[in-house]
Asker: 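What follows is a single structure, and I will ask about it in a moment.
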Amino acid sequence: MPWFALYTEPRNEKKVFEKLKKIGIEVYCPLITQVKQWSDRKKKIEVPLIPSYVFVNLEESERNNVFQVSGIVRYLYWLGKPAIVQDKEIELLKNWLLETTVTSFEVKGIEVGNNYKIISGPLKGKEGIVSKVDKNYLELVLEELGFKIILNK
């Protein structure tokens, strides 16, 4: 069975994940732990690695079953067909999240328009173009995959 990418309403990834799981659909929502700071405290929270997306593993004929759940906007399409994510890509992502802990990073010597090659993680070896840079922020457009990665400190 292929994996499909579902686009969700903003900040609904975890709710959609739980609802799909409850109705028996195999679903994956990659989460990372971030430290958020408020004026009076710091707290570790889990946030989606890919905002507004979850992945479902089901047959082509069962694709409409996901719309029983509120919070789902649509499937992600590529070249007029539902985008299919390969099993090995999902496994790479799962393994990378188990093995990798990103605590902080610093953006230095990188400018808008630069080509940047990813040196570790599930996207290792992929190249992108830097579209935004700030002291603690980097946006990388991966044209080959059709999306951008946003890194915040």
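We use all heavy atoms of the structure for the numbers below, so side chains are in, but hydrogens, waters and symmetry mates are not.
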Asker: Nearest 0.5 angstrom please: Asn114 CG to Ser131 OG, how far?
Answerer: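 The OG atom of Ser131 is 11.5 Å from CG of Asn114, to the nearest 0.5 Å.
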Asker: Report, one line per pair, each donor and acceptor closer than 3.5 Å where one atom sits in a side chain of residues 39-47; sequence neighbours left out.
Answerer:
none

Asker: Apart from Trp38 itself, what residues make up its hydrophobic cluster, given side-chain heavy atom links below 4.5 Å?
Answerer: none
Asker: Please tell me whether Leu97 and Leu31 are part of a single hydrophobic cluster in this structure, the criterion being side-chain heavy atoms less than 4.5 Å apart.
Answerer: no
Asker: Return the set of residues passing ring pair (Phe, Tyr, Trp, His ring centres under 6.0 Å) with Phe4 (not counting sequence neighbours), or none when no residue passes.
Answerer: Tyr75
Asker: Cluster partners of Val141, using ILVMFWY side-chain heavy atoms under 4.5 angstrom, listed by chain and number?
Answerer: none
Asker: Residues in side chain to side chain contact (heavy atoms under 4.5 Å, CB included) with Ile23, at least two apart?
Answerer: Leu20, Ile25, Gln68, Val69
Asker: Passes side chain to side chain contact (heavy atoms under 4.5 Å, CB included), Trp3 versus Ile84? Steps please.
Answerer: CA-CA 6 Å; Trp3 286 90; Ile84 294 176; 5.9 Å; no
Asker: If hydrophobic clusters are built from ILVMFWY residues whose side chains come within less than 4.5 Å, do Tyr7 and Tyr77 share one?
Answerer: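 No; Tyr77 is not reachable from Tyr7 via cluster members.
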Asker: Sequence neighbours left out, what pairs pass side-chain hydrogen bond (donor to acceptor under 3.5 Å, both in side chains) with at least one residue falling in residues 8-25?
Answerer: Lys19-Ser70
Asker: If hydrophobic clusters are built by linking Ile, Leu, Val, Met, Phe, Trp and Tyr wherever their side-chain heavy atoms come under 4.5 Å apart, do Val73 and Val27 end up in the same one?
Answerer: no
Asker: Count I, L, V, M, F, W, Y as connected when their side-chain heavy atoms are under 4.5 Å apart, and connections chain through other members. Are Leu92 and Met1 then in the same cluster?
Answerer: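 No, separate clusters.
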Asker: Let me check something: any side-chain donor-acceptor pairs from residues 48-66 under 3.5 Å, sequence neighbours excluded? List them with distances.
Answerer:
from, atom 1, to, atom 2, distance (Å)
Asn57, ND2, Glu26, OE1, 2.9
Glu60, OE2, Arg63, NE, 3.1

